[in-house]
Novice: 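Pasting a structure below so you can have a look.
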2 protein chains.
Amino acid sequence: MDKEKFLGEFEQFILLAILKLGDNAYGSSIRQLLSDTIERDVTIGALYTTLDRLEKKGLLESRMGEATAERGGRAKKYFKVSAQGQSALRRSKQALNSMWQGVALSEANL
Amino acid sequence: MDKEKFLGEFEQFILLAILKLGDNAYGSSIRQLLSDTIERDVTIGALYTTLDRLEKKGLLESRMGEATAERGGRAKKYFKVSAQGQSALRRSKQALNSMWQGVALSEANL
DNA sequence: ATAATAACAACTACAATGTAGAATATATTA
DNA sequence: TAATATATTCTACATTGTAGTTGTTATTAT
């Protein structure tokens, strides 16, 4: 049995990005979406490391793209959020939501 | 200048708990609220360690309670979220919100 | 053929955050 | 002054976050 832990924030971001990208989620498209959406520059190394860990934990699945694409370079590795990944996301969101419930931040330093 | 990083999830939970508790935020009340709200058992050691780090980063402020309380035991240490802590919270929330934007989880495994 | 280039993924190393449990401090009460 | 109650601090290790470098595999130019 798993220890039912929550996701780290970066892990959560990556999972969400993959969900959004649908069939086109691989290293650099994920990175692109991430830096477009949040204000943080993600290095490609950091990204692949986390993708690996998420896959090992069973929250992600992957398949290699066809080697014969019409472009140069190595084959892409496409990612997909597993069912387990989806429930992890759901749990994290719920926990965050209930913690935010009733909290009002002062507007002083927007 | 700070490196504008995001908060870890646990850090975020703690900050929110302190905000909710207002004038009564100290070790074990924080712990209590946390385990009531999210489904995770927080050991007291883990909690104090993170409180310390948050204070060192300037996201929390603390003061010691009066030594002469009408009960046994050591003085309480009360915490309060600093202005910097509040903006960190705000930023984390915004990032999460924009990442969740448009994501629909399947209902398969609720 | 083969060198150059492009598009990727994998590896390595270290810092920051998460987690637990034991140890210590300080007050009240018997 | 010992026992007990209530809290915090210390120590150690696991997991996650982050960056940079290196390796792979394809296309294109010579």
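Numbered from 1 within each chain, the chains take letters A, B, ... in sequence-line order.
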Novice: Taking only residues two or more places apart in sequence, or in another chain, which ones meet T49(A) in a side chain to side chain contact (heavy atoms under 4.5 Å, CB included)?
Specialist: R53(A)
Novice: Taking only residues two or more places apart in sequence, or in another chain, which ones meet S62(B) in a side chain to side chain contact (heavy atoms under 4.5 Å, CB included)?
Specialist: E55(B), K77(B), F79(B)
Novice: Who are the salt bridge (Lys or Arg N to Asp or Glu O under 4.0 Å) partners of E11(A), not counting sequence neighbours?
Specialist: K57(A)
Novice: Respond yes when some side-chain nitrogen or oxygen of R31(B) is under 4.0 Å from OP1 or OP2 of dA7(D), and no when none is.
Specialist: no
Novice: Give me the atom names and distance for the closest heavy-atom approach of A75(B) to G65(B).
Specialist: CB-O, 3.8 Å
Novice: Using the side chain to side chain contact (heavy atoms under 4.5 Å, CB included) criterion, which residues pair with E61(B)? Sequence neighbours excluded.
Specialist: K80(B), S82(B)
Novice: Atom pairs, N/O to N/O, protein against nucleotides 4-7 of chain C, distance under 3.5 Å?
Specialist:
unit_1, atom_1, unit_2, atom_2, d
dA7(C), N3, R74(A), N, 3.3

Novice: Could you note down all residue pairs passing salt bridge (Lys or Arg N to Asp or Glu O under 4.0 Å) where residues 15-27 of chain B supplies at least one of them, sequence neighbours left out?
Specialist: none
Novice: Send over the distance from M64(B) CE to dA27(C) P, rounded to a whole Å.
Specialist: 10 Å
Novice: What nitrogen or oxygen pairs link the protein and nucleotides 10-15 of chain D at under 3.5 Å?
Specialist:
unit_1, atom_1, unit_2, atom_2, d
dT15(D), O3', K5(A), NZ, 3.0

Novice: Give the rounded distance in Å between these two atoms: CG of L60(A) and P of dT16(D).
Specialist: 13 Å
Novice: Using the rule side-chain contact (heavy atoms from CB on, under 4.5 Å), only one of L54(A), I30(A), N24(A) pairs with I18(A); which is it?
Specialist: I30(A)
Novice: In residues 12-22 of chain A, which residues come under 4.0 Å of DNA chain C by heavy atom?
Specialist: none
Novice: If I take atom CG in residue L34(A) and atom P in nucleotide dG17(D), what distance separates them, rounded to the nearest angstrom?
Specialist: 12 Å
Novice: Sequence neighbours left out, what passes side chain to side chain donor-acceptor pair (under 3.5 Å) with D41(A)? Give chain and number order.
Specialist: none
Novice: What is the distance, to the nearest angstrom, from the CD atom on E55(A) to the P atom on dT16(D)?
Specialist: 15 Å
Novice: In whole angstroms, how far is the C1' atom of dC11(C) from the NZ atom of K56(A)?
Specialist: 11 Å
Novice: Which residue pairs pass the salt bridge (Lys or Arg N to Asp or Glu O under 4.0 Å) test with at least one member in residues 24-35 of chain A, sequence neighbours excluded?
Specialist: none
Novice: Starting at CG of L51(A) and ending at P of dC11(C), how long is that distance when rounded to a whole Å?
Specialist: 14 Å
Novice: Can you measure L47(A) atom CG to dT16(D) atom C1' for me and round it to whole angstrom units?
Specialist: 14 Å
Novice: Starting from P on dT18(D), measure out to CD on E11(A) and report it in whole angstrom.
Specialist: 11 Å
Novice: Should side-chain heavy atoms under 4.5 Å link Ile, Leu, Val, Met, Phe, Trp and Tyr, which residues sit in the same cluster as Y78(A)?
Specialist: Y26(A)
Novice: Show me the donor-acceptor pairs within less than 3.5 Å that the side chains of residues 96-103 of chain A make with the rest of the protein, sequence neighbours left out.
Specialist:
unit_1, atom_1, unit_2, atom_2, d
S98(A), OG, Q94(A), O, 3.0
S98(A), OG, A95(A), O, 3.1

